[in-house]
A.B. asks: 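The structure under discussion is supplied below as structure tokens; questions concerning it will follow.
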Amino acid sequence: MIKPRVLTTLLVCSAILTTTVTPAVAAVTPMATPSEQVAEPVASPAVPTATLSLAIQNQQLVDLIGQTQWQTYGQPAVTKDPEFNDQVLNLDGKSAFYTTFTDQQFAKLQNGMAIEAYFKYDPAADANGEHEIFSSQQGGGLGLGVQNNQVVFFAHDGSGYKTPKGTLHKGQWVHAVGVIDKNKTASLYLDGQLVQQVAMPGDLKLAQGTKDFVLGGDAVPGSHVQSMMTGQIRQARLYDQTLTSQQVSQLNVEAQVGKQPVAPVPVDQTIATKLVGPKRIASGHTYGLNVHARQIKATGAAPITMDVVYDAAKFDYVGAERLLQGGKTQIQLIAPGRIRLTTTANLSKAEFKMYAQTRLAHLNLKAKAAGETQIKFEQLTKDTTIELGPAQTVEIQGKYALDYNGDGIIGVGDVALANAADKVAAANAAEIKPYKHVVVLTTDGGGNPWDPKGMYYAQGAEQGTKTPVWTTNPEIMKKRRNTYTMDLFNKQFAMSTSARAVSPAISAQNYISMLHGRPWDTLPKEYQGTNATMGQEYFADFNKPQAMFPSVFKMLQADNPTRGAAAFSEWGPIVNSIIEPDAAVTTKQSASLKSFDDVANYIGTPEFQSTGLVYMQSDYMDGQGHGHGWYNDNYWDKYAQYDALFKRVMDKLEATGHIHDTLVIANADHGGSGKNHGGWDEYNRSIFMALGGETVDNGRRLHGGSNADISALILNALQVPQTPQMFDSQVFDSSAFLKQTDLSKKKRSVETLKLSRNDQEAKVQLTHNQNRQLTAFDLQLDLAGREVADVKVPTGVQILRQTVANGQLRLTVSASQPVTDLVTIKLVPSKTRAAKTIMLSQAMAATADGTEVLVDLDNDNPLTSTAKPDENGSTTTKPDGNGTAVKPDENGSTTTKPDGNGTAVKPDKHETSTTGSGTVNTSGADKTSTNDNGTSMTAGTASSHASTVTDRVTSGTVLPETSSSATTNHGSHSTGHHGSGWLPQTGEAVQRWLAVAGGVFLMLTGAIAVWWRKRRA
């Protein structure tokens, strides 16, 4: 992540030991007595005079030019260096000197300048992070420093830092010179040689908010000093004009005067090692192993070689990344099961939690066969004592035996795939989970960009960028050219534009809040990581026997160890430290603007099938804000490319079918103003939070939300309980999600389960077929206080699970052929009026290949049945669930209008009503007829399905079959509520009463018509 130069260095207390150590002080006034002042060496005519020249004299730091006064910070010391037999400044990583320049002094540097330092960096000190030698930087400025084990010349030209760099040789004296010349280039010379030259189109931009210049560190407003180095400095100079390569070479020769060769020191070093990784990993997923080494004792140094050994039957080697000091650490696969690490890096004495200094490499291994295994070290280096750390014990978790579709969750898809012998077991374990995956897409520095009513806009560019203001001006809003994302988040997702970043609005604080499930300021001090600390050390739970504040990744693994997780971040601290090194997560530090690609590619892998969470961070917009300003023309111009990035992920979800079982969360960590962020104002803290998924109410405007809510949203979607340590993390606006009973409003292309009911029974049918065969169904019905007398299914449908708990009936059934009628539930008669009616509350179906379908539910349908024949042998049928009326014709025969499927039913010549699926004989009670599925039964049977009950296998509460005497006769419907009175008591009873009255009226009018015709005849 590109951040302003406000990082705080790691405080490493490892002062270089020499024969004499004396506290150093700054001379607060120029040295006036000639006898006490060291004369500035006579410069060659070719070398210009420095405007500032620092050296040690009489245990003091002095400016030999006499133009500046220097103040101490911390406790810098003066020691005697054996190579020069002379005094040098000794800095311990928490000490430095600083002075304050005038505007006139800074102005002289803007027409060409040079900066020089002669220093030796402590071989045991960290050089991965940013540590400055001689510098004045803060959102601009210049300086010499070290970073990523390189010497760097930092020079800001208004558009960003130009950073020519070269190799740092720790423990050796280095002569470094940075030059900004009139040809618009920034150059770095090391030991008299040009190592890199970088184009610098703009003019030098000075540090913002500070006028300090620091020796042994960098400037920062307020406290003066940050980013301090560990090592020695012999001299430092500043020039207000450029230097040629010949002049730099001459300065290097002068710097070496008096240097004596030092005899090589025999190598005597002791190294401690440690393996850090998860204790459990799901089979098929990538195991991340962090290999650490630290220096215990060192006299001299030598390369270190050791092997990491593992069981090749349990793991495959995938690759290595995040190597200590880059090319100084080499990884080689010697043979399956053996990886060799060789490093010439200068190892630190820091504790293992300081990963930036002690981690040699991050190894990726693909877990294969289930079972317990070990990974261990083997020593190869002979002249170094290596205290090998303990072996890492790993349990590889295989998939559940009933997880046939391999998603790590046993559901109705597994019921569909299971063989006949295992279907009941799969049904008993099946869960209804609309979401199998969550994908979180965070835009770092992305602010609040997608509100269609307005947007933040800042006039000006670069350092002239003004404070952002909210605008609804249509002309200004045209600068926002994101057509895809505007449609996605406003129409396809539910979105809050009133969400807020956790305070302070800084990256590390917000990522910790997102991934650990509570606002940063509610954590104990030890856990309040910052951009600086998270770039150096692991999250504070490291090496503790019990994690106090586990990340959401650990919560998910604890709930289901057969599933994996992945994280892709362009900013290293997220995958290095905020996500714990022992969390079972596939991690990758993505290249700039490549994190979306990494997510899309991962979705296309087999691993995604059993992945619960994918987290992603894109850093590009934060870099644009720091480099060019927030919400100005450049910011909106660069944001336009995020249309293609978001589309890439959504298209891959669509192409793989995972669009239907994945919740997508999109958000930003913070906004900004000018080129910084972190304040309490709206343009810093105002962010967007958007949710997209199968149960999300598309287009809904949500209210509120905080980055601390991200963990709660993830856990809620995956139906995993929150842990006690989570605080103020919640589903901030539950209106984002629709109940399954309301999903039909989304007009999805899915099947519907239609429930029709009356006081005696409820019938579930499959409608809106999508030209695919569903072979398994998992239903949950709210019984509304009623008891179940029996459950009947047609031929070809088998009940696998039938349980009742807490007033909920759970039915899991399989279908061996295409069906319309699924189940009929007979209810025990009730003498009391129910406050509500039985309904489907949840359901999931599956195709034969295990694809699960979150079906729509249609509950508002009355169920009617055929009444008994009247005295003339005619049958009057009440309206069915589709409102189809049935009445006798003038000859007394029953004529049925087209049913819900458009099938006309009319009597044949034998006065038998014929339908597309069977016949109903009305000529006598002893004749045989067929039900809706073509199964024979007698007309005397109380229920049309009573003789077609298939074999059932149930679990939990087994409900008894209902005998004919226990089943309510259809003719009793006219008595109202089971003898509770002749007046109807419910809406359904009113409908039945009206139907009966209507039938009687039709019969009377028909009889009168027949009588009248006979009389006329």
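All figures in this text were calculated on a predicted structure; none of them were measured in a lab.
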A.B. asks: Does Ser249 have any side chain to side chain contact (heavy atoms under 4.5 Å, CB included) partners at least two apart in sequence or in another chain, and if so, which?
C.D. replies: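 So Ser249 forms no side chain to side chain contact (heavy atoms under 4.5 Å, CB included) with any residue.
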A.B. asks: Say you draw a straight line from CD of Gln147 to OG of Ser227; how long is it, rounded to the nearest 0.5 Å?
C.D. replies: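 Here the rounded value is 9.0 Å.
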A.B. asks: Do Ser595 and Tyr620 have side chains that approach each other closer than 4.5 Å (heavy atoms only, starting at C-beta)?
C.D. replies: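 Heavy-atom side-chain distance check fails, nothing below 4.5 Å.
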A.B. asks: Which pair of non-hydrogen atoms, one from Pro573 and one from Gly535, has the smallest distance, and what is that distance?
C.D. replies: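 So the minimum-distance heavy-atom pair works out to CG-CA, 3.9 Å.
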A.B. asks: Determine whether the aromatic ring centres of Tyr355 and His362 lie less than 6.0 Å apart.
C.D. replies: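 No, they do not, as the ring centres are separated by 6.0 Å or more.
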A.B. asks: Do other residues, nucleotides or ligands put more than 12 heavy atoms under 6.0 Å from the NZ atom of Lys353?
C.D. replies: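 Atom NZ in Lys353 is not crowded, with 12 or fewer foreign heavy atoms closer than 6.0 Å.
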A.B. asks: Search all heavy atoms of Ala219 against all heavy atoms of Gln138 and return the closest pair with its distance.
C.D. replies: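 Result for this residue pair: O-OE1, 4.0 Å.
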A.B. asks: Ile233 vs Ile133, test: side chain to side chain contact (heavy atoms under 4.5 Å, CB included). Steps then yes/no.
C.D. replies: CA-CA 8 Å; Ile233 299 177; Ile133 310 300; 4.1 Å; yes
A.B. asks: What pairs of donor and acceptor atoms, side-chain ones from residues 148-158 against any protein atom, are under 3.5 angstrom apart with sequence neighbours left out?
C.D. replies:
{"from": "Asn149", "atom 1": "OD1", "to": "Gln325", "atom 2": "NE2", "distance (Å)": "3.3"}
{"from": "Asn149", "atom 1": "ND2", "to": "Asn128", "atom 2": "OD1", "distance (Å)": "2.8"}
{"from": "His156", "atom 1": "ND1", "to": "Gly158", "atom 2": "N", "distance (Å)": "2.9"}
{"from": "Asp157", "atom 1": "OD1", "to": "Ser159", "atom 2": "N", "distance (Å)": "3.1"}
{"from": "Asp157", "atom 1": "OD1", "to": "Ser159", "atom 2": "OG", "distance (Å)": "2.8"}
{"from": "Asp157", "atom 1": "OD2", "to": "Gly202", "atom 2": "N", "distance (Å)": "3.1"}

A.B. asks: Hey, do the aromatic rings of His626 and Trp630 have their centres closer than 6.0 Å?
C.D. replies: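 Here the rings of Trp630 and His626 have centres that are less than 6.0 Å from each other.
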A.B. asks: Just to verify, what does Asn111 make a side chain to side chain contact (heavy atoms under 4.5 Å, CB included) with, not counting sequence neighbours?
C.D. replies: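 Scan of Asn111 (side chain to side chain contact (heavy atoms under 4.5 Å, CB included), adjacent residues dropped) gives none.
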A.B. asks: Please test Gln250 against Asn252 for side-chain hydrogen bond (donor to acceptor under 3.5 Å, both in side chains), starting from the C-alpha separation and ending with a verdict.
C.D. replies: CA-CA 5 Å; Gln250 183 175 338; Asn252 176 63; over 6 Å; no
A.B. asks: So, for Thr465 and Gly674, which heavy atoms are closest and what is the spacing to 0.1 Å?
C.D. replies: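 Heavy atoms only, the tightest pair is CG2-CA, 4.5 Å.
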A.B. asks: Show me the pairs that pass salt bridge (Lys or Arg N to Asp or Glu O under 4.0 Å) and involve residues 102-111, at least two apart or across chains.
C.D. replies: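 Qualifying pairs: Asp103-Lys211.
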A.B. asks: Would you compute the distance between atom CG of Leu54 and atom CG of Leu52 and round it to the nearest 0.5 angstrom?
C.D. replies: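 That separation rounds to 4.5 Å.
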A.B. asks: Would you tabulate the side-chain donor-acceptor contacts of residues 185-194 under 3.5 Å, counting partners in other chains and residues two or more places apart, or write 'none'?
C.D. replies:
{"from": "Thr185", "atom 1": "OG1", "to": "Asp181", "atom 2": "OD1", "distance (Å)": "2.8"}
{"from": "Thr185", "atom 1": "OG1", "to": "Asp181", "atom 2": "OD2", "distance (Å)": "2.6"}
{"from": "Ser187", "atom 1": "OG", "to": "Gln197", "atom 2": "NE2", "distance (Å)": "2.9"}
{"from": "Asp191", "atom 1": "OD1", "to": "His175", "atom 2": "N", "distance (Å)": "3.0"}

A.B. asks: Check the pair Asp240 / Met113 against side chain to side chain contact (heavy atoms under 4.5 Å, CB included), numbers first and verdict last.
C.D. replies: CA-CA 5 Å; Asp240 60 6; Met113 58 80 61; 5.8 Å; no
A.B. asks: Any idea which heavy atoms bring Asp86 and Arg234 closest together, and the distance?
C.D. replies: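 Heavy atoms of Asp86 and Arg234 come nearest at OD2-NH2, 3.4 Å.
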A.B. asks: Excluding sequence neighbours, so at least two apart, what forms side chain to side chain contact (heavy atoms under 4.5 Å, CB included) with Ala114?
C.D. replies: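 In terms of side chain to side chain contact (heavy atoms under 4.5 Å, CB included), with neighbours along the sequence ignored, Ala114 is linked to Val179, Tyr239, Leu243.
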A.B. asks: Below 4.5 Å, heavy atoms only, C-beta onward: do His131 and Asp126 meet side chain to side chain?
C.D. replies: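 Answer yes - side chains close enough.
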A.B. asks: Yes or no on side chain to side chain contact (heavy atoms under 4.5 Å, CB included) for Leu204 and Ile180, after CA distance, side-chain angles and deciding distance?
C.D. replies: CA-CA 8 Å; Leu204 175 64; Ile180 300 175; 4.0 Å; yes
A.B. asks: Measuring from Leu341:CG to Ile304:CD1, what's the distance to the nearest 0.5 Å?
C.D. replies: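 So the gap between those two atoms works out to 11.0 Å.
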A.B. asks: With Thr102, which residues qualify under side chain to side chain contact (heavy atoms under 4.5 Å, CB included), at least two apart?
C.D. replies: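 Result, side chain to side chain contact (heavy atoms under 4.5 Å, CB included) vs Thr102: Gln104, Gln105.
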A.B. asks: So, Asp622 versus Gln624: side-chain donor-acceptor pair below 3.5 Å or not?
C.D. replies: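 There is no such pair (donor and acceptor under 3.5 Å, judged by atom type) between the side chains of Asp622 and Gln624.
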A.B. asks: Please give me the minimum heavy-atom distance between Thr242 and Gly112, naming the atom from each residue.
C.D. replies: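 In this case the closest contact between Thr242 and Gly112 is CG2-CA, 3.7 Å.
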A.B. asks: For residues 207-229, which residue pairs qualify under ring-ring contact (aromatic ring centres under 6.0 Å, His included), counting only residues two or more places apart or in two chains?
C.D. replies: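 Qualifying pairs: Tyr98-His224, Phe101-Phe213, Phe134-Phe213.
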A.B. asks: Hey, does Lys120 have a side-chain heavy atom less than 4.5 Å from the side chain of Glu83?
C.D. replies: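 They are in contact (side-chain heavy atoms under 4.5 Å apart), so the answer is yes.
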A.B. asks: Taking only residues two or more places apart in sequence or in another chain, which ones pass side-chain hydrogen bond (donor to acceptor under 3.5 Å, both in side chains) with Thr100?
C.D. replies: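 Thr100 satisfies side-chain hydrogen bond (donor to acceptor under 3.5 Å, both in side chains) with Asp212 once adjacent residues are dropped.
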A.B. asks: For Tyr511 and Asp444, does a side-chain donor sit closer than 3.5 Å to a side-chain acceptor?
C.D. replies: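 Distance-only check passes for Tyr511 and Asp444.
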A.B. asks: Among residues at least two apart in sequence or on other chains, which ones pass side-chain hydrogen bond (donor to acceptor under 3.5 Å, both in side chains) with Thr305?
C.D. replies: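 Applying side-chain hydrogen bond (donor to acceptor under 3.5 Å, both in side chains) to Thr305 gives Thr342.
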A.B. asks: Given side chains that start at C-beta, do those of Ile296 and Ile271 come closer than 4.5 Å, heavy atoms only?
C.D. replies: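 Contact flag for Ile296/Ile271 side chains = no.
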A.B. asks: Taking side-chain contact (heavy atoms from CB on, under 4.5 Å) as the criterion, tell me which of Leu323, Leu324, Ile331 meets it with Leu360.
C.D. replies: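 Running side-chain contact (heavy atoms from CB on, under 4.5 Å) over Leu323, Leu324, Ile331 with Leu360 returns exactly one hit, Leu324.
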A.B. asks: Could you check whether any side-chain heavy atom of Val88 comes within less than 4.5 Å of a side-chain heavy atom of Val78, counting everything from C-beta outward?
C.D. replies: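 Sidechains of Val78 and Val88: no contact.
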A.B. asks: Is there side-chain contact between Leu89 and Pro76, with at least one heavy-atom pair below 4.5 Å?
C.D. replies: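 Yes, side chains in contact.
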A.B. asks: Side chains of Lys328 and Asn346, heavy atoms from C-beta outward: is any pair under 4.5 Å?
C.D. replies: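 They are in side-chain contact.
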A.B. asks: Under 3.5 Å, is there a donor on one side chain and an acceptor on the other for Asn290 and Arg322?
C.D. replies: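 No, because no side-chain N or O of Asn290 sits under 3.5 Å from a partner of the opposite role on Arg322.
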A.B. asks: Under the criterion side-chain hydrogen bond (donor to acceptor under 3.5 Å, both in side chains), which of Thr99, Thr68, Thr51 is the partner of Asp63?
C.D. replies: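 Testing each of Thr99, Thr68, Thr51 against Asp63, the sole residue satisfying side-chain hydrogen bond (donor to acceptor under 3.5 Å, both in side chains) is Thr68.
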A.B. asks: Can you tell me how far apart CG (Leu593) and CD (Glu570) are? Round to the nearest 0.5 Å.
C.D. replies: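 It is 6.0 Å, given to the nearest 0.5 Å.
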A.B. asks: Work out which heavy atom in Thr230 is nearest to a heavy atom in Gly93; give both atom names and the distance.
C.D. replies: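 Shortest heavy-atom contact: OG1-CA, 3.3 Å.
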A.B. asks: Look up atom CG in Leu238 and atom OG in Ser53, then write down how far apart they are to the nearest 0.5 Å.
C.D. replies: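 Here the rounded value is 10.5 Å.
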A.B. asks: Taking only residues two or more places apart in sequence, or in another chain, which ones meet Ser245 in a side-chain hydrogen bond (donor to acceptor under 3.5 Å, both in side chains)?
C.D. replies: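 For Ser245, no residue satisfies side-chain hydrogen bond (donor to acceptor under 3.5 Å, both in side chains) once neighbours in sequence are set aside.
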A.B. asks: Let's go through Leu61 and Ile56 carefully: what are the C-alpha distance in whole Å and the side-chain angles of both, what is the deciding distance for side chain to side chain contact (heavy atoms under 4.5 Å, CB included) to 0.1 Å, and is it a yes or a no?
C.D. replies: CA-CA 5 Å; Leu61 176 70; Ile56 300 298; 4.1 Å; yes
A.B. asks: Is Lys588 paired with Glu321 through a side-chain N to carboxylate O contact shorter than 4.0 Å?
C.D. replies: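 Between Lys588 and Glu321 there is no salt bridge, as every charged N stays at least 4.0 Å from the carboxylate O atoms.
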A.B. asks: With rounding to the nearest 0.5 Å, note down the distance linking CG in Leu142 to CD in Gln110.
C.D. replies: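 Atom-to-atom, Leu142:CG and Gln110:CD are 10.0 Å apart.
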A.B. asks: Taking the side chain as everything from C-beta on, heavy atoms only, tell me whether Thr530 gets closer than 4.5 Å to Gln509.
C.D. replies: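 Yes, side chains in contact.
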A.B. asks: Can you list everything that forms a side-chain hydrogen bond (donor to acceptor under 3.5 Å, both in side chains) with Tyr118? Sequence neighbours excluded, please.
C.D. replies: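 Scan of Tyr118 (side-chain hydrogen bond (donor to acceptor under 3.5 Å, both in side chains), adjacent residues dropped) gives Gln256.
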